[in-house]
Amino acid sequence: MTPAHTTRSGHAVHTLDLNFQGVARTIAAYALPHPEGVVLVECGPGSTLSALEAGLARLGYGLEAVTHLLLTHIHLDHAGAAGRLARLGAHVYVHHVGAPHMLNPEKLLASARRIYGDEMDRLWGEFLPVPAERLTPLHDGDEVTVGPLRFRALDTPGHANHHMVFLLDGLCFLGDIGGIRLPGTGVVRLPTPPPEFHLERWRESVRRLEASFREHAVTHVAPTHFGIFDDPDAHLAAVTEALDDVEAWMEAELSDGEPDVDELRRRLVAHTRERVLAAGFPARVWAEHEAVMPTAMSADGLWRYWRKYRG
Ligand SMILES: [Zn+2]
């Protein structure tokens, strides 16, 4: 079991590896015990519910011990199991723009099914609606207090329009606005899926995080992909570097009219691979990661953004 991180005020934060599609350190859920049970930040997709259950069991909890579930956003790899946990008694907190999709996920699931087709169930598992009485929509600056734990939600668009980070006691749960940090490195790559990736909003969110990290003396960051790191400023600098990189890539690849989408995906995958391998990330681990968290989809998001805002 990964040893717990201890926050400034002495709260334990356990990183649960959901071992998505059999690959370690790709999707995390964070578990914080409190006197009445356990808080989760993120719960992963329905397909990794048994890994979540096993991770909680190692801490001495069942799924029904989850009292509060904080979601950074509603994408399937973060929020898929929320409806199941809500039925077992958890109260769910999510950005107010994403909340309607948790109550009524048909549209969200239909658009995911268009992307994943027959692979949908194998990849993501069940996605149950969250009952209204178990859902609280969050607005910028809202606080969620659970016993001694006090989380503050910050609206942080760029990866999605319905994205929150959560500050707790010197630790910031970054969701996907902190990118995907490749294990064992300081390298970040950006998940830029359609339809909401927005470069300037993402940069604005990073600037906001830099300021709030100073204000709240943040010492640790926890991107959902993957783990808790003690270099918040370096992490944000790596996110900015990755934003600069995708912007330069878009300018080079997308400026001359309509590209071939398959070719675009291939070029982005090759470019990203080169970038992360140059930073010392092992090729074998890259291949494993890429198999379950494909860069190809990010090309679609970049192209959509470019057409809409820069084309
Ligand atoms: Zn996401």
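All residue numbers in this chain count up from 1 along the given sequence. Counting starts at 1 for both ligands and their atoms, following the listed order.
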Cut-off under 2.8 Å, centre the Zn ion (ligand 1), protein N/O/S atoms: H73 NE2, H75 ND1, H159 NE2, D176 OD2
Residues 85-100 side chain polar contacts: donor-acceptor under 3.5 Å, at least two apart:
from: H91; atom 1: NE2; to: T136; atom 2: OG1; distance (Å): 2.6
from: H95; atom 1: ND1; to: V97; atom 2: N; distance (Å): 3.0
from: H95; atom 1: NE2; to: D155; atom 2: OD1; distance (Å): 3.1
from: H95; atom 1: NE2; to: D155; atom 2: OD2; distance (Å): 3.3

Is any NZ, NE, NH1 or NH2 atom of the basic residue among R207 and E204 found under 4.0 Å from an Asp or Glu carboxylate oxygen of the other? yes
Ionic contact status for E263 with R266, cut-off 4.0 Å: yes
Contacts of H220 that satisfy ring-ring contact (aromatic ring centres under 6.0 Å, His included) - sequence neighbours left out: H5
Quick one: side-chain hydrogen bond (donor to acceptor under 3.5 Å, both in side chains) partners of R122, sequence neighbours excluded? Q21, E119
Using the ring pair (Phe, Tyr, Trp, His ring centres under 6.0 Å) rule, pick out the option among H289, H159, H78, H75 that qualifies with H225. H78
